[in-house]
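Have a look at the structure below before the remarks.
In what follows, every chain begins at residue 1, and chains take the letters A, B, ... in the order their sequences are listed.
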Number of protein chains: 2
Amino acid sequence: MKFTKNNNCNDCTLKCDIYNALKESGEDFSIIKPIHVYYDRNEYICKQGSSVTHAIYLVEGSAKLFIEGLNNRNITLYIITPDSYIGLLSFFETPDYSYSVKAIESSRICMVDIDTMKKLYAGNHDFLLKLNKAFGKSVKSILGKIITLNQKNIRGRIADSLLYLSELYKSDSFNMLLSRKELGELSAISEENAVRLLTELRKEGIINVTGKNITIVDKKLLRKISEIG
Amino acid sequence: MKFTKNNNCNDCTLKCDIYNALKESGEDFSIIKPIHVYYDRNEYICKQGSSVTHAIYLVEGSAKLFIEGLNNRNITLYIITPDSYIGLLSFFETPDYSYSVKAIESSRICMVDIDTMKKLYAGNHDFLLKLNKAFGKSVKSILGKIITLNQKNIRGRIADSLLYLSELYKSDSFNMLLSRKELGELSAISEENAVRLLTELRKEGIINVTGKNITIVDKKLLRKISEIG
DNA sequence: AATAAAAGTTGTTTTAAAACAATGTTGTAA
DNA sequence: TTACAACATTGTTTTAAAACAACTTTTATT
């Protein structure tokens, strides 16, 4: 982890919501002092229980958002890719993060002090509504996850996770960046069963597996499995 | 289900957020035309998949918010009591409800057209922030639920549900209003096991059970069970 | 290159909870 | 006041998935 202060939004290639809101407001860019941070794989970007001090935006790389459960068992809710908010679910109301985020590859984030954010959306209604929209979307996906985790068998769950990753990376062939254990955590499956299921699906000709590289061969069938298990 | 139109907020004893926002704005109360609806036990207040057309506020009674899952199996996320929003989780972004709500006793709700709501919070920043705050709180409780459902055993889960209900009704002795099946759905447990666990806890002297009336006798122990199962 | 550590794999055993089944109880509508 | 449905209870069986164990492969580290 290393960080740089004194960044200037004008030099940033990413024209994020915050930038746009600020530009619209006509305010000086000096009011926000964005901090850029670089993380290696497996480093915490934010930790469940710690206080929410900044709005965090993922600029580069990818990260997993997970809840830290009992006896070190985690459940990964989803993978975050650029460019989207990391701090979102805990942004309103809660003083502390109710989840953790870890980089799953080298990643870069940009963070803006929460007071500055508040000032910003106090004067910009659309900005707040945009935050809400993203927020609402997250919630919807979480509700779907609850059903998946509680009502599908492990075969259906792993199929779900693979389809999810394929959609996330917008390709039938992708490097999932996750270890077998982490893939398990995305589907609430033990590591051993995650391995077994990947092997099973491979032998059935539904996917190809080479290390962490997955290719979905028969998407139709995988979708069926996701439905009926 | 029966409803009344042409209600006047000035006659309403409940001075809700919407009322207050409107009053502050100085607008005429005639711009909102609240509809009051009465529901019997087990009637749908809103149905998963149907479109979000109104903001719904629970005025009287209580209701369960649940996700309709696979083969008619539901998971109840929480119980709603007055006075709070029902439509909240689906209020932003999503055009359709991603969950259902049913009355668990005779209940009364008040609903306001969503366009009116939008007009209202367009001119009232604090009102929107208040909505967000309530929203954030819901999300936090749902994240906790995910861990409970996936990582605790059924004994821990039922303990959780009983503690939750006791907190909700602000008493160690309460009528849970839920059938054994519904209590099961609140904890993702089969009806049979819900019965067995209640009997078990009763025999251990931790709770008293008379029909739907529950009394928590040993709260400390129940908390312990909720933790360790 | 050698060695340790982490990650992945496969077979076997255990177990928690659902499903099934049968029966009892209560509430409610004719 | 009977009768039928919904709800509740208890015992038994089945099963899906975790846990355990042993081993292999890959990846870092000295």
Please report, rounded to the nearest Å, how far the [atom2] atom of [N] is from the [atom1] atom of [X].
{"X": "B/Glu191", "N": "D/dT9", "atom1": "CD", "atom2": "C1'", "answer": "9 Å"}
{"X": "B/Asn213", "N": "D/dA8", "atom1": "CG", "atom2": "C1'", "answer": "15 Å"}
{"X": "A/Arg202", "N": "C/dG8", "atom1": "CZ", "atom2": "P", "answer": "14 Å"}

Which residues pass the side chain to side chain contact (heavy atoms under 4.5 Å, CB included) test with [X], sequence neighbours left out?
{"X": "B/Glu43", "result": "B/Met1, B/Tyr39, B/Asp40"}
{"X": "A/Arg223", "result": "A/Leu163, A/Lys219"}
{"X": "A/Thr53", "result": "A/Ser51"}

The helix from C/dA1-D/dT30 to C/dA30-D/dT1: angle between its terminal axes, five pairs each, to 10°? 40°

Does a donor on one side chain sit under 3.5 Å from an acceptor on the other, for A/Tyr78 and A/Ser138? yes

Checking side-chain polar atoms at under 3.5 Å, does B/Ser161 have a donor or acceptor matched by the opposite partner on B/Ser187? yes

Can you name the residues that form a salt bridge (Lys or Arg N to Asp or Glu O under 4.0 Å) with [X], not counting sequence neighbours?
{"X": "A/Lys47", "answer": "A/Glu68"}
{"X": "B/Glu105", "answer": "none"}
{"X": "A/Lys64", "answer": "A/Glu182, A/Glu185"}

Sequence-aligned protein contact record of nucleotides 15-20 of chain D, with B where the base is within under 4.0 Å of a protein heavy atom and S where only the sugar-phosphate is: --SBBB

Contact pattern, 5' to 3', of nucleotides 22-30 of chain C - B, S or - by protein heavy atom under 4.0 Å: ---------

Residue pairs, two or more places apart or on separate chains, that pass salt bridge (charged side-chain N to carboxylate O under 4.0 Å, His left out) and touch residues 188-214 of chain A: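 The answer is A/Arg155-A/Glu200, A/Arg155-A/Glu204.
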
For residues 172-182 of chain B, which residues have at least one heavy atom under 4.0 Å from DNA chain C?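 Within this stretch, nothing sits under 4.0 Å of the strand.
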
Determine whether a donor-acceptor pair (N or O, by modelled atom type, separation under 3.5 Å) exists between the side chain of A/Ser226 and the backbone of A/Gly156.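 Such a contact is absent between A/Ser226 side chain and A/Gly156 backbone.
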
For the residue pair A/Phe135 and B/Phe135, is the inter-centroid distance of their aromatic rings smaller than 6.0 Å?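 Aromatic pair counts; centres sit under 6.0 Å.
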
Should A/Thr199 be listed as having a side-chain N or O under 4.0 Å from OP1 or OP2 of C/dT9? no

Side chain to side chain, A/Leu65 and A/Thr76, heavy atoms closer than 4.5 Å: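 The answer is no; the side chains never approach within 4.5 Å.
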
For residues 139-148 of chain B, pull every pair meeting side-chain hydrogen bond (donor to acceptor under 3.5 Å, both in side chains), keeping only residues two or more places apart or in separate chains. B/Thr148-B/Asp160

